[in-house]
Peer 1: 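If you scroll down you'll find the structure; I have some questions about it.
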Amino acid sequence: MTLLTVWDDTDPDTETLRTEDAEEIADELKQLGVRFHRWPLRDLPELPSSEQVLEAYREEVDRVIDAEGYIKVDAISMKPEDSDEWREKARAARERFLSEHTHDDDEDRFFARGAGVFYLHVDGKVYAVLCEAGDLLSVPAHTTHWFDMGTSPDFVSIRFFHDDDGWIGEFLNTDTAEKFPSFDELMASR
């Protein structure tokens with residue numbers, strides 16, 4: 001179940017909102033210009049290719065492309081393995097977007113499996129959106145945010161882009177992300 005937690009950006013110890021109600025989450029995020037939707041889940045192979053994921057969600061993907069004008073769509077998968085190589089890959093992938101940044105493009109993600117947390121830093125508040133299987137979240141361009149997939153990433157996600165450079169982050173050199181509960185901490189608090 002999706003979880004939205006909100007704090008004042010100067011007080012990471014005091015939650016001002018915590019809800020798993022999808023309607024309330026959508027309403028809160030809409031005020032920030034963030035789209036949040038739920039899609040029905042489709043059967044996927046244990047280790048699906050990008051093509052298999054996109055084919056399973058073709059109708060929904062086409063709807064988003066038509067509505068938002070995306071020209072590039074792919075799917076990525078991370079599944080834990082018991083190897084040093086995988087642990088290093090997971091650590092590097094997690095650290096890539098774990099600090100505050102913005103993008104020149106919207107960041108639309110659908111979780112077909114697993115979970116991840118998008119933290120939005122808007123108007124003096126931090127909104128942690130713990131997305132799980134079935135959740136589509138669209139973070140508007142230039143919104144300050146970070147993403148945490150946890151220390152043992154396990155997800156399948158569809159990503160939408162307007163161009164090849166849309167996913168490149170402009171990092172803000174702040175320590176804000178370090179002050180708020182991580183993916184692992186949020187999952188443990190449920």
Side-chain angles (χ1 to χ4, degrees), residues 1-6 19-79 93 96-97 100-123 125-150 153-171 183:
M1 177 76 46
T2 309
L3 172 66
L4 172 65
T5 309
V6 182
T19 182
E20 292 183 351
D21 181 278
E23 226 174 270
E24 186 176 6
I25 292 169
D27 289 344
E28 268 307 304
L29 296 176
K30 186 176 182 179
Q31 296 175 42
L32 307 176
V34 175
R35 292 187 327 276
F36 172 79
H37 300 286
R38 301 269 313 148
W39 290 357
L41 294 176
R42 309 275 190 251
D43 289 332
L44 295 171
E46 184 176 341
L47 297 171
S49 67
S50 181
E51 294 77 18
Q52 289 171 315
V53 176
L54 295 176
E55 188 54 38
Y57 289 95
R58 177 58 47 209
E59 183 179 323
E60 292 88 350
V61 166
D62 286 347
R63 219 177 11 248
V64 171
I65 290 170
D66 290 345
E68 304 302 326
Y70 291 109
I71 61 168
K72 184 174 179 175
V73 181
D74 68 9
I76 59 168
S77 298
M78 293 212 58
K79 183 145 183 77
R96 190 171 186 187
F97 294 108
E100 280 196 304
H101 63 280
T102 63
H103 298 282
D104 288 337
D105 196 358
D106 295 344
E107 184 167 0
D108 281 30
R109 298 291 181 270
F110 169 71
F111 286 84
R113 186 181 293 153
V117 181
F118 280 91
Y119 298 82
L120 313 173
H121 190 180
V122 181
D123 295 331
K125 294 191 180 296
V126 172
Y127 300 77
V129 187
L130 175 58
C131 297
E132 295 191 307
D135 292 343
L136 171 72
L137 186 74
S138 177
V139 178
H142 309 290
T143 299
T144 300
H145 67 285
W146 67 94
F147 177 74
D148 189 355
M149 62 183 76
D154 187 2
F155 65 89
V156 175
S157 179
I158 298 175
R159 308 180 300 177
F160 297 84
F161 304 98
H162 286 107
D163 60 51
D164 289 337
D165 295 330
W167 63 272
I168 296 173
E170 183 175 319
F171 289 86
F183 169 90

Peer 1: Can you name the residues that form a side-chain contact (heavy atoms from CB on, under 4.5 Å) with K30, not counting sequence neighbours?
Peer 2: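 By the side-chain contact (heavy atoms from CB on, under 4.5 Å) rule, K30 matches no residue at all.
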
Peer 1: Taking the inter-plane angle between the rings of F147 and F155 on a 0 to 90° scale, is it parallel (under 30°), tilted (30 to 60°) or perpendicular (over 60°)?
Peer 2: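 Ring orientation of F147 relative to F155: perpendicular.
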
Peer 1: Indicate yes or no for a side-chain donor-acceptor contact from H101 to the backbone of H145 under 3.5 Å, with no hydrogens or angles considered.
Peer 2: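 A pair under 3.5 Å: yes.
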
Peer 1: Under the side chain to side chain contact (heavy atoms under 4.5 Å, CB included) rule, what do V64 and L136 come out as? Steps first, then yes or no, please.
Peer 2: CA-CA 10 Å; V64 171; L136 171 72; 4.2 Å; yes

Peer 1: Give a yes or no on whether a salt bridge exists between R42 and E59, defined as a side-chain N under 4.0 angstrom from a carboxylate O.
Peer 2: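 Salt bridge between R42 and E59, a charged N being under 4.0 Å from a carboxylate O: no.
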
Peer 1: Hey, mind stepping through V61 and I158 against side chain to side chain contact (heavy atoms under 4.5 Å, CB included) and telling me if it holds?
Peer 2: CA-CA 9 Å; V61 166; I158 298 175; 3.9 Å; yes

Peer 1: For the backbone of S138 and the side chain of H37, can you confirm whether one donor and one acceptor N or O come within less than 3.5 Å of each other?
Peer 2: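 Checking the backbone N and O of S138 against the side chain of H37, no donor-acceptor pair under 3.5 Å is found.
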
Peer 1: Just by modelled atom types, is the F110 backbone N or O under 3.5 Å from a matching donor or acceptor in the S157 side chain?
Peer 2: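 Side chain of S157 to backbone of F110, a donor-acceptor pair under 3.5 Å: yes, one is there.
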
Peer 1: Could you measure the distance from the CD1 atom of I76 to the CZ atom of R159? Nearest 0.5 Å is fine.
Peer 2: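 Nearest 0.5 Å value for the CD1-CZ distance: 4.5 Å.
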
Peer 1: Please report the interatomic distance CD1(I25) to OH(Y127), rounded to the nearest 0.5 Å.
Peer 2: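 One gets 13.5 Å once the value is rounded to the nearest 0.5 Å.
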
Peer 1: Minimum heavy-atom separation for A93 to M78, with atom names?
Peer 2: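 Reported closest heavy-atom pair: CB-SD, 4.1 Å.
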
Peer 1: Is the number of heavy atoms from other residues, nucleotides or ligands within 6.0 Å of CG (D66) greater than 12?
Peer 2: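 Atom CG in D66 is packed in, count exceeds 12.
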
Peer 1: Which pair of heavy atoms, one from G116 and one from F111, lies closest together, and at what distance?
Peer 2: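 Here G116 and F111 meet closest at N-CE2, 3.7 Å.
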
Peer 1: When you measure from the side chain of R109 to the backbone N and O of V139, does any donor-acceptor pair fall under 3.5 Å?
Peer 2: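 Here the side-chain-to-backbone pair does not exist.
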
Peer 1: Of all the heavy-atom pairs spanning A133 and L41, show the shortest one and how long it is.
Peer 2: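 Heavy-atom minimum between the residues: C-CD2, 3.7 Å.
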
Peer 1: Does the side chain to side chain contact (heavy atoms under 4.5 Å, CB included) test come out yes or no for F183 and L130, once each step is laid out?
Peer 2: CA-CA 8 Å; F183 169 90; L130 175 58; 3.8 Å; yes

Peer 1: Is the number of heavy atoms from other residues, nucleotides or ligands under 6.0 Å of E68 CD greater than 12?
Peer 2: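 Enclosed.
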
Peer 1: Locate the shortest heavy-atom distance separating D163 from D105; write the atom from each residue and the value.
Peer 2: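 Shortest heavy-atom separation between D163 and D105 comes out as N-OD2, 3.9 Å.
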
Peer 1: Out of curiosity, T2 OG1 to L29 CG, how far, rounded to the nearest 0.5 Å?
Peer 2: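 Nearest 0.5 Å value for the OG1-CG distance: 10.0 Å.
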
Peer 1: State whether the side chain of E132 and the backbone N or O of M1 hold a donor-acceptor pair below 3.5 Å, judged by distance alone.
Peer 2: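 Yes; judged by distance alone, with no hydrogens or angles, the pair exists.
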
Peer 1: Of the non-hydrogen atoms in H162 and G69, which two are nearest, and what is the gap between them?
Peer 2: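 Looking at all heavy atoms of both residues, the closest pair is CD2-O, 3.4 Å.
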
Peer 1: Please give me the minimum heavy-atom distance between R35 and Y70, naming the atom from each residue.
Peer 2: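 Looks like NH2-OH, 4.4 Å.
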
Peer 1: Find the distance between CD1 (I65) and CZ (F160) and round it off to the nearest 0.5 Å.
Peer 2: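 Between atom CD1 of I65 and atom CZ of F160 there are 6.5 Å.
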
Peer 1: Applying side chain to side chain contact (heavy atoms under 4.5 Å, CB included) to T143 and V34, what does each step give before you reach the verdict?
Peer 2: CA-CA 9 Å; T143 299; V34 175; 5.6 Å; no

Peer 1: Could you grab the distance from atom CD of Q52 to atom CG of D43, nearest 0.5 Å is fine?
Peer 2: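 So the gap between those two atoms works out to 12.0 Å.
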
Peer 1: Starting at CG of D27, measure out to OG1 of T19 and round the result to the nearest 0.5 Å.
Peer 2: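 Result: 10.0 Å between the selected atoms.
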
Peer 1: Quick one: does P40's side chain get under 4.5 Å of E60's, heavy atoms only?
Peer 2: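 A side-chain contact exists here, since the closest heavy-atom pair is under 4.5 Å.
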
Peer 1: Check whether any side-chain N or O of D106 sits under 3.5 Å from a backbone N or O of A141 as a donor-acceptor pair, and report yes or no.
Peer 2: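 Yes, the answer is positive, given that a donor and an acceptor are paired below the 3.5 Å cut-off.
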
Peer 1: Are E46 and K79 side-chain neighbours, meaning at least one heavy-atom pair lies under 4.5 Å?
Peer 2: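 E46 reaches K79 side chain to side chain.
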
